[in-house]
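Here the structure is laid out as C-alpha cells; the discussion comes afterwards.
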Amino acid sequence: MRMQTPFRPGSAPSPGETAASAGDVTAAGRADAVGTGRRRRRSLPGWRGPVTSAAVLAAALAVWETGVRVTGTPSYALPAPSEIVTAADWGAVLEAVKSTVLAVLGGFAAGNAAGFALALLISASPVLASVLYPLALTLRAIPVVALAPFITLAFGRGATLTVVVAALIVFFPTLINVLLGLRSVEREALELMHVLNCRPVTVYRRVRLPAAMPAFFDAMRIAAPSAVLGVMTAEWIIGGQGLGKLVITAALSLETATMWAAILASSVVAGLLFSLVTLAERLLLPWAERR
C-alpha cells in the first residue's frame with residue numbers, strides 16, 4: 001500500500017497533487033459561477049408577471065363579452081367590450097383623460113412630497129411629532145366630501161381644486177410608510193454612526209433615508225390609484241373637465257358605452273402610473289429587497 005507523502009515546507013507538490021488542487025479550484029469556481037448566475041437570474045425582473053397580468057385581463061374581457069352575448073344583457077345596462085370600442089365617444093374620452101392625467105400628476109407629486117417632508121420633520125423632532133402627527137390624523141379622519149366646501153372657497157372651481165383633493169388623499173399613506181421606514185433602521189447602524197461622531201444630517205443621508213426609500217416607493221404604489229380616485233371624486237362632487245365629470249354626464253344622457261370607456265380609461269391611467277412607479281424603483285433602487 002502506498003503511503004501519501006506529507007507536505008513539508010519548501011518542498012514542491014507532486015504533479016498529481018497539483019492536478020487535484022486545480023480540479024478542486026475549477027469545480028469550486030464553477031459552483032460559484034452557477035450560484036452567482038442563479039442569484040442574478042433571481043434578482044432580474046421576470047417577464048412572467050406582465051404576461052400573466054395580460055392573460056388574466058384578456059380572459060376577463062372574453063368572459064365579459066361572452067356573458068353579455070349569452071345572457072342578452074341590454075347595452076344601456078352593460079355593453080359588451082366590442083360595443084364600447086365601436087360606440088363610445090373616444091374624442092371626449094381622450095380630452096377628459098388629458099385633464100385627469102394633469103390633475104393626477106400634480107396631486108400625486110404634491111401629496112407625496114408633503115407626506116415625505118412631514119415624515120422627516122416628525123422623525124427628526126419629538127416636539128414636532130407631538131404637534132404634527134395628531135393634526136395629520138385629524139385631517140385624515142375628516143372625509144374629503146366634508147372638506148370640499150372649504151377647499152372650494154380657498155382654491156375656487158378650477159384645476160387646482162382637483163389637485164388639492166388628490167394630494168389630501170395621497171399624503172397620509174406616504175407619511176405613514178416613510179415614517180416607518182425612517183424608524184426601521186437597525187440599531188447597529190445607528191450605534192456605528194454615533195461611534196463615528198456623525199452629525200444628524202449625515203445619519204439621515206447615509207442611514208435613515210436609504211432605509212426609508214423602499215417604503216417610500218411602496219407608498220407611491222398605493223398612492224397611484226388613490227390619486228386617480230381622488231381626482232375623479234373631486235370632479236364628481238365639485239366639477240371639472242376630466243373623466244369623473246364625463247362618467248356623470250354620459251350616465252345622465254344614457255351614453256353607456258362612453259361612460260364605460262371613461263371608467264376603463266381611468267383604470268388604465270392608474271395602472272400605468274403604478275407601473276411607472278415600479279419601474280422607477282427597479283432603476284433607482286436595484287439593491288432593495290423585493291418580495
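All figures in this text were calculated on a predicted structure; none of them were measured in a lab. The first residue in the sequence is number 1, and the count goes up from there.
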List in chain and number order the residues that pass ring pair (Phe, Tyr, Trp, His ring centres under 6.0 Å) with F274, two or more places apart in sequence or in another chain; answer none if no residue qualifies. none
Intermediate values then yes/no, side chain to side chain contact (heavy atoms under 4.5 Å, CB included), L209 and F116: CA-CA 10 Å; L209 285 179; F116 193 90; 3.8 Å; yes
As an exercise, state the distance from [atom1] of [X] to [atom2] of [Y], rounded to the nearest 0.5 Å.
X: L137; Y: I142; atom1: CG; atom2: CD1; result: 11.5 Å
X: L252; Y: M259; atom1: CG; atom2: CE; result: 10.5 Å
X: L105; Y: L273; atom1: CG; atom2: CG; result: 6.5 Å
X: S99; Y: K245; atom1: OG; atom2: NZ; result: 9.5 Å
X: L182; Y: M213; atom1: CG; atom2: CE; result: 10.0 Å

Mind jotting down which residue pairs meet the side-chain hydrogen bond (donor to acceptor under 3.5 Å, both in side chains) criterion with at least one end in [range]? Sequence neighbours excluded, please.
range: residues 247-271; value: none
range: residues 121-145; value: S123-Y204
range: residues 56-69; value: E65-R69, E65-S82, R69-S82

Under the rule for side-chain hydrogen bond (donor to acceptor under 3.5 Å, both in side chains), what residues qualify as partners of N112, not counting sequence neighbours? T174
How far apart are the closest heavy atoms of R183 and R208, and which atoms are they? CA-NH1, 4.3 Å
Heavy-atom side-chain proximity of [X] to [Y] below 4.5 angstrom:
X: V97; Y: L243; result: yes
X: I122; Y: L175; result: yes
X: L132; Y: L121; result: yes

Quick check: is [Y] connected to [X] through a chain of hydrophobic side chains (ILVMFWY, heavy atoms under 4.5 Å apart)?
X: L128; Y: L180; result: yes
X: V163; Y: V101; result: no
X: L272; Y: F108; result: no

Might you confirm whether atom CD of E83 has over 12 heavy atoms from other residues, nucleotides or ligands at distances under 6.0 Å?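 Count over threshold, so yes.
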Side-chain donor-acceptor pairs under 3.5 Å in residues 219-227, sequence neighbours left out?
| from | atom 1 | to | atom 2 | distance (Å) |
| --- | --- | --- | --- | --- |
| R221 | NH1 | E281 | OE1 | 2.4 |
| R221 | NH2 | D218 | OD1 | 2.2 |
| R221 | NH2 | E281 | OE1 | 3.3 |
| S226 | OG | I222 | O | 3.0 |

